[in-house]
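Shown next, in structure tokens, is the structure this report addresses.
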Amino acid sequence: MKLAILASTAGSNLPSLFTYIKKYHANTIECILITNKADAGAIEKAKQFSIPYFIVTKENTREEYDKKVLKILQRYNTEYIFMIGYMRIVSPLFVETFRNKIFNIHPSLLPAFAGGMSDTVHQDVINFGCKITGATLHIVSEEVDAGKIINQKACDISEHETVATLKPKVQKLEQEMLKELIHLLVNK
Ligand code: GRF
């Protein structure tokens with residue numbers, strides 16, 4: 001199975017994912033990483049696991065950018081795409097080309113706190129006074145954070161929770177769901 005990871009940030013979830021793949025699916029899954037950020041921490045994580053990575057610099061339009069990414073994906077015969085901290089909105093062309101094959105992990109229990117990015121979502125959840133939060137794994141559609149929900153996992157929010165303490169708690173849930181998704185896709 002050919003899997004592409006799209007990431008723009010630190011890639012905190014990647015070591016857990018790559019370790020799982022290496023341990024249980026080394027002969028069945030090939031990964032690549034594509035990022036829009038030359039300084040993304042995710043690149044270092046890919047290097048640690050000898051995962052090929054590609055930095056795609058910006059283009060004039062969203063569609064032109066996505067066509068560059070699609071060219072790489074198609075050259076690698078990519079079957080599935082995981083967006084893990086990918087801070088770009090993809091074009092309808094991109095969604096259509098990989099219809100129902102693109103998965104995103106969002107750090108809240110959608111539809112609550114949709115639209116935000118990573119730390120700001122955790123801060124909004126804390127500011128709102130929520131007692132639980134979690135993560136959502138969903139199919140990427142044309143509408144942001146609105147595709148079919150595949151899985152959700154929740155955790156408590158303690159009285160003195162901060163973004164720094166909440167983010168790793170939620171990311172642990174994200175990593176569990178990503179591994180479960182891999183297992184599902186490989187055994188499809
Ligand atoms: C992910 O954990 C996910 O919640 C959201 O962005 C986060 C990126 O985290 N999509 P990091 O910067 O890679 O640690």
Side-chain angles (χ1 to χ4, degrees), residues 3-21 31-49 51 53-56 62 65-66 69 80-91 94-95 98 101-128 130 132-158 161-182:
L3 172 62
I5 311 285
L6 272 51
S8 313
T9 57
S12 309
N13 290 329
L14 300 187
S16 151
L17 188 64
F18 292 153
T19 302
Y20 175 78
I21 291 171
C31 288
I32 59 169
L33 172 76
I34 299 178
T35 182
N36 59 318
K37 296 282 181 197
D39 61 349
I43 294 173
E44 283 318 304
K45 312 289 193 302
K47 283 181 182 172
Q48 283 160 15
F49 287 83
I51 307 274
Y53 65 90
F54 303 87
I55 301 165
V56 182
R62 187 186 310 283
Y65 184 89
D66 284 355
V69 174
Y80 295 103
I81 298 165
F82 288 5
M83 292 188 182
I84 307 176
Y86 189 53
M87 301 297 161
R88 283 187 62 90
I89 309 290
V90 290
S91 60
F94 192 91
V95 174
F98 281 90
K101 305 274 188 173
I102 312 169
F103 298 87
N104 182 51
I105 197 93
H106 182 81
S108 73
L109 296 173
L110 291 176
F113 301 98
M117 301 270 188
S118 193
D119 295 13
T120 55
V121 174
H122 296 308
Q123 192 58 67
D124 292 347
V125 164
I126 292 168
N127 293 348
F128 203 93
C130 298
I132 60 163
T133 186
T136 302
L137 178 68
H138 65 93
I139 295 269
V140 172
S141 61
E142 283 79 354
E143 199 185 336
V144 173
D145 292 341
K148 180 175 181 281
I149 290 179
I150 303 294
N151 198 352
Q152 292 187 306
K153 287 186 185 280
C155 63
D156 291 336
I157 297 178
S158 67
E161 201 77 66
T162 64
V163 172
T165 58
L166 183 56
K167 181 172 178 179
K169 272 165 67 172
V170 172
Q171 286 186 318
K172 192 170 171 304
L173 305 175
E174 294 173 351
Q175 290 160 28
E176 286 168 18
M177 289 195 285
L178 288 166
K179 291 177 204 172
E180 288 169 19
L181 176 61
I182 290 234

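Everything numeric here is computed off the predicted structure, so don't read it as measured data. Note that the numbering runs from 1 along the sequence shown for the chain. Numbering of ligands and ligand atoms starts at 1, following listing order. For the numbers below, each heavy atom of this structure counts, side chains included, while hydrogens, waters and symmetry mates do not.
- Within the 3.5 Å criterion, the main-chain N or O of Glu180 finds no donor-acceptor partner in the side chain of Tyr20.
- Checked against Gln123 for a side chain to side chain donor-acceptor pair (under 3.5 Å), the options Asp119, Thr120, Asn127 give a single hit: Asn127.
- The protein heavy-atom contact nearest to atom 10 (N) of ligand 1 is Ile105 O, 3.2 Å.
- For Val170, no heavy-atom contact with ligand 1 is shorter than 4.0 Å.
- Counting heavy atoms from C-beta on, the side chains of Ile21 and Leu3 come closer than 4.5 Å.
- Scanning all protein heavy atoms for the shortest distance to atom 3 (C) of ligand 1 gives Glu174 OE2, 3.3 Å.
- Of the residues Ile34, Thr35, Asn36, the one that meets the side-chain contact (heavy atoms from CB on, under 4.5 Å) test with Val56 is Ile34.
- Nearest heavy atoms, Ser8 versus Lys37: O-CG, 3.5 Å.
- Less than 4.0 angstrom separates some heavy atom of Gly11 from each of these atoms of ligand 1: 11 (P), 13 (O).
- For the pairing with Tyr86, the side-chain contact (heavy atoms from CB on, under 4.5 Å) check across Val90, Ile89, Ile84 returns one residue only, Val90.
- Between Phe49 and Phe18, the angle of the ring planes lies from 30° to 60°, which puts this pair in the tilted group.
- For atom 6 (O) of ligand 1, the closest heavy atom belonging to the protein is Gly85 CA, 3.5 Å.
- In this structure, Lys167 is part of the shell of residues with a heavy atom less than 4.0 angstrom from ligand 1.
- Atom 8 (C) of ligand 1 has its closest protein heavy atom at Thr9 OG1, 3.5 Å.
- Among all non-hydrogen protein atoms, the one lying nearest atom 7 (C) of ligand 1 is Ser118 OG, 3.6 Å.
- Checked by distance only, ligand 1 and Tyr86 stay at 3.5 Å or farther apart across all their nitrogen or oxygen atoms.
- Any N or O atom pair closer than 3.5 Å counts here, and His106 shares no such pair with ligand 1.
- Under 4.0 angstrom from ligand 1, there are no non-hydrogen atoms of Met117.
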